[in-house]
Every structure is written in C-alpha cells, then in structure tokens.
Number of protein chains: 2
Amino acid sequence: MQDLKELSNIKCFGNLSKNELKLLASIARKRNFSKGEVLFYEKDEPRYLTLLTSGTLKVYKTDPKNNEIILHRFLPGTLVAEMAVLEGIPYPASACFESDGSVIEIDFIRFKKEFLTNPDIALNFFKSLSRKIKYLEDVIALNIVLDSTARVAKYICENDDALGMKHNQLSQYLHMTPETLSRIFKKFTKLGFLVKEGSNYKIIDKESLTILFE
Amino acid sequence: MQDLKELSNIKCFGNLSKNELKLLASIARKRNFSKGEVLFYEKDEPRYLTLLTSGTLKVYKTDPKNNEIILHRFLPGTLVAEMAVLEGIPYPASACFESDGSVIEIDFIRFKKEFLTNPDIALNFFKSLSRKIKYLEDVIALNIVLDSTARVAKYICENDDALGMKHNQLSQYLHMTPETLSRIFKKFTKLGFLVKEGSNYKIIDKESLTILFE
DNA sequence: AAACCATATTGATATACATCAATAATGAGA
DNA sequence: TCTCATTATTGATGTATATCAATATGGTTT
C-alpha cells in the first residue's frame, strides 16, 4: 500500500508520524468491493484488521427464518469488527457492501507487535470500541422503547440520507415492514411534517418530528 | 487498598506481577453498596475505573415515560462502563445495585500513565470491551427477532438464576410485562417443559425449550 | 410511446402483546 | 396463627404492527 493519506484519514491513525505511517502501509493492502459483495460471513476467522475507506457497509445477523437483522451501518473512516480480530474469535455477524466500496486490510500479527504497544494508538482503539458500545446501547434503547412512528421520525431527522434510501432498505434498518413505513410517511405528510418532491420526501417541519421521539 | 487477591481476580489484571499489583492497589480503593443504591447516573462524569467485585449491577436507561430499559446486567469480576472513563465522556446510562455489593475504584489518570502503556493490559482491556460489544449485538438480535416466548425460553435456559428471580424483575430484563411472563410460564408448564416446585419453577425439559429459540 | 419491471401504496385481516381490572397466592411481621 | 402487603395469576379488551393480496406508480428499455 502506498497512499499514506488514506491511512492518516482513519481516526485511529490521525496522530501517527510519517515513519509510523510508512511502517503501517508496509503491512497493509487495499481491496475493492462492488455493491452487494460480502466482506465476511458470521463465523469466519478474522485475519486482518479492517478499515472501511469508501462505500457503506452493513453488519447483520441472519435469524432462523433467514431474515437479516441489521446491527450496524458503517460509513467510511471507521474500523470494522476490530474486536473479532483483537480477541481472535470468529466474526459474530456478517458484513456486506451496500454500495461499491473499499477497505484497507492490515496484518494483525504484525500490527499488534508494532503498534499496540503505542499508548496513543491503544487509546484511540479504545475510543473506537467505546463509540461502538455507546452506539449499540442507543440502538437497544431506541428499538425497545420507541414505536415505529418514533423510530422513523428519529431516523429521518438524524440521518440526512434516510429519505433518499429505498423503502425496502430503510424499513429493514428500522426493523419494520415497508408497508408500515409507507403508512407512516403518509401520516407525516398529512400532518404537514413531510412533502413529496418528485419521487422523494422532504422534511418541512423537523421540530414537530423531533417532538415525537424526545 | 490492601487485598491484592481481589484485584488479581479481575480478568484484566490476572497476569500482573506482584509489584504491579501493589502499585495498582496503591491507586485503588474499595466501596460498598446496599441493594438499590446507585453507582452512577446517566450523564455523570466518570473519574474512576470501576471494577465490580461483588453483587449484581444493572445498567439501564430511562425513557421519556420513566420506564427503565435494561441494557446490561453485570456479575462480579468485570469492568463497568470502562469506555466512559477511557473516552472522558459522561456515562451514557445509569447503574444501580440489584443486591448488596462492592466495587473497586481506580484513579484513572494514574492508571493510564502507569498501566495502559502495558500491551498485555491494553489487550485485556480490548477483550473486555469486545465481549461487551458481542453481548450487545446478541441483545439486539435477541430482542428484535425473538418473540416473548422464545426470549423467555432462551433466558431461562442460559441463566441459572433466572427462575429464582421475581417475575417483576425478570420480565423487565426480557422487555415484557409480568402478565405476559406469567402466561408464558403457564404455557410452558402445560407443555411439560417446567414444573412448579414450591413457589419456584424448575426446568424439566430443556431440550424442548431450546428448540423454541434455535 | 408502449411494455415491462421493480417499488410503493393501500386495504382487509390476523396476531402478539400491552393494558386495565379483579382475584389469588405468598411471605413477613405481630 | 392471623393480618397485611407484596407479588403472581387470570380474564377481558385495546392497539400496534405483521401479513397477505391487490393495485398503483415510477423508472427503464425497446
């Protein structure tokens, strides 16, 4: 791998020196994926530390009835499933690209030896993991407490790209059926919170929407 | 703090030398709590690294209607909310003792300086965080996919103390009402999976129960 | 434009679970 | 043992959301 800039954009490595970055690059390689390709499956053995550099990635589990339960959605610049490689355990979930994208894979054995002894990097790793924990706790609180209407309101208020997503996909994130999502959009439109512009909806009364989940 | 054995029982510190343990003890103190006491509230600023040494602790969020949503239940020997102190952010949830218990509190500033530079400890910390992430992912998968019946089956099969808990408390963990829990116990008894012994239920057909959630 | 596909919407129905209210069982204290 | 308070059970009803089936809409390809 040669592009040091791409490495330094990853939050964890923001404060590495040039020499350290070079060393890191020497044990890293880049891989490209197309939409729909699988990065890893649940129960695979991880060998690399993986950083998402472009595209969006969804992490999901498959239930007995073969439904996907989406646990995470990653945007570029983040570590993916680092715990599996840190612990040396199989991936607890599968990951699949939602769009074309790319990752950087780092040889973990060498990374551990060369970098994990660096307290700055270690602390950055902690932070990355912590953020994930906080996120998951929020997901739990969100999905257990809020009803469908409130979940939709919250998601479209907090994620700019939500209204551009296919209902199919969005409903999956929000753990409801496309039919339910459709009815909620209709309700929001009737209430004057959304308008349909062309084929997409647009928020026109964010304040009212916010009340629904706070 | 003087009892080195208690420190060495914590998973993260299992492989510390005697001198290191002594150093750790010098920046640690023990605190006792009674049932129902609060260890910290959501949004409190963390100052200590906290280890649960006895008792059980529940971590929960409070929703707009003042319901508790339980995120974790900790047993002795584990780190509690380490990410908050690692990141220097407020606690994202509250924690409260379910029984009498005790914790060890470690001065984080000094800990960071003295111990986080030790790759062994750092790696153990990662593992602790990783386990939590895996646990939370399971909680999400569990609660979103499985219906009430399956959740009860799973919990009583996997947690030996579940059948000794008050319905009130157990139903809270499983995110359902005590009434629903009661009806499910009745159903399981009718089906011959449970029997009532005195005032408590007992599993007599674990295999059948297992089928319900796998 | 026409024809076609995927996606969205709508309606009718089913169902799991919550809620509310009443009663029963249990356990602790006098 | 009796009483009282807590917890558990049961029944009746309401409600949100899934499911199933039909229709509509929009975007693409020819």
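Lettering of chains follows the sequences in order, A, B, ..., and the numbering in each one begins at 1. Everything quoted here is computed from the prediction, not taken from an experiment.
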Q: Report the distance from atom CZ of B:Phe185 to atom C1' of D:dT7, rounded to the nearest whole Å.
A: 14 Å

Q: Give a yes/no answer on whether the side chain of A:Ser199 brings an N or O atom under 4.0 Å of OP1 or OP2 in D:dG27.
A: yes

Q: Starting from P on D:dG26, measure out to OH on A:Tyr201 and report it in whole angstrom.
A: 10 Å

Q: Rounding to an integer number of Å, can you tell me how far B:Leu181 CG sits from D:dT9 C1'?
A: 11 Å

Q: Is it true that the NZ or CZ of B:Arg183 lies under 6.0 Å from the centre of B:Phe188's six-membered ring and within 45 degrees of the ring axis?
A: no

Q: Using chain B heavy atoms and a threshold of under 4.0 Å, write down where along DNA chain C the contacts begin and end, 5' to 3'.
A: C:dC17 to C:dG27

Q: How long is the span from the CD1 atom in B:Ile140 to the CD1 atom in A:Ile70, to the nearest 0.5 Å?
A: 11.5 Å

Q: I'd like to know whether the aromatic ring centres of A:His72 and A:Tyr60 sit less than 6.0 Å apart in this structure.
A: no

Q: Using the ring of each side chain (for Trp, its six-membered ring), is A:Phe185 parallel, tilted or perpendicular to A:Tyr201, with breaks at 30° and 60°?
A: tilted

Q: Within the 4.5 Å heavy-atom criterion, are A:Leu86 and A:Phe108 side-chain neighbours or not?
A: yes

Q: Expressed in angstrom and rounded to an integer, what is the separation of A:Asn168 atom CG from D:dG26 atom P?
A: 18 Å

Q: Figure out the NZ/P separation between B:Lys166 and D:dT9, and round it to whole Å.
A: 13 Å

Q: For a quick test of reading the model: is some side-chain N or O of A:Thr180 closer than 4.0 Å to OP1 or OP2 of D:dT17?
A: no

Q: Please check this pair: side chain of B:Lys206 against backbone of B:Cys157, looking for a donor-acceptor N/O pair closer than 3.5 Å.
A: yes

Q: Just call it for A:Ser148: base, sugar-phosphate, or nothing, with non-hydrogen atoms closer than 4.0 Å on any strand.
A: sugar-phosphate

Q: Can you measure B:Leu170 atom CG to D:dA8 atom C1' for me and round it to whole angstrom units?
A: 13 Å

Q: Using modelled atom types and a 3.5 Å cut-off, is there a donor and acceptor pairing between side-chain atoms of B:Ser94 and backbone atoms of B:Glu42?
A: yes

Q: Please state how far atom CD in B:Glu179 lies from atom C1' in D:dG14, giving the value in whole angstrom units.
A: 14 Å

Q: Using whole Å, what does the distance between atom C1' of nucleotide D:dT7 and atom CE of B:Met165 come to?
A: 14 Å

Q: Nearest nucleotide by nearest heavy atom, which residue falls closer to the 5' end of DNA chain D, B:Lys186 or A:Thr149?
A: B:Lys186

Q: Between D:dA18 and A:Thr177, is there an OP1 or OP2 to side-chain N/O distance shorter than 4.0 Å?
A: yes

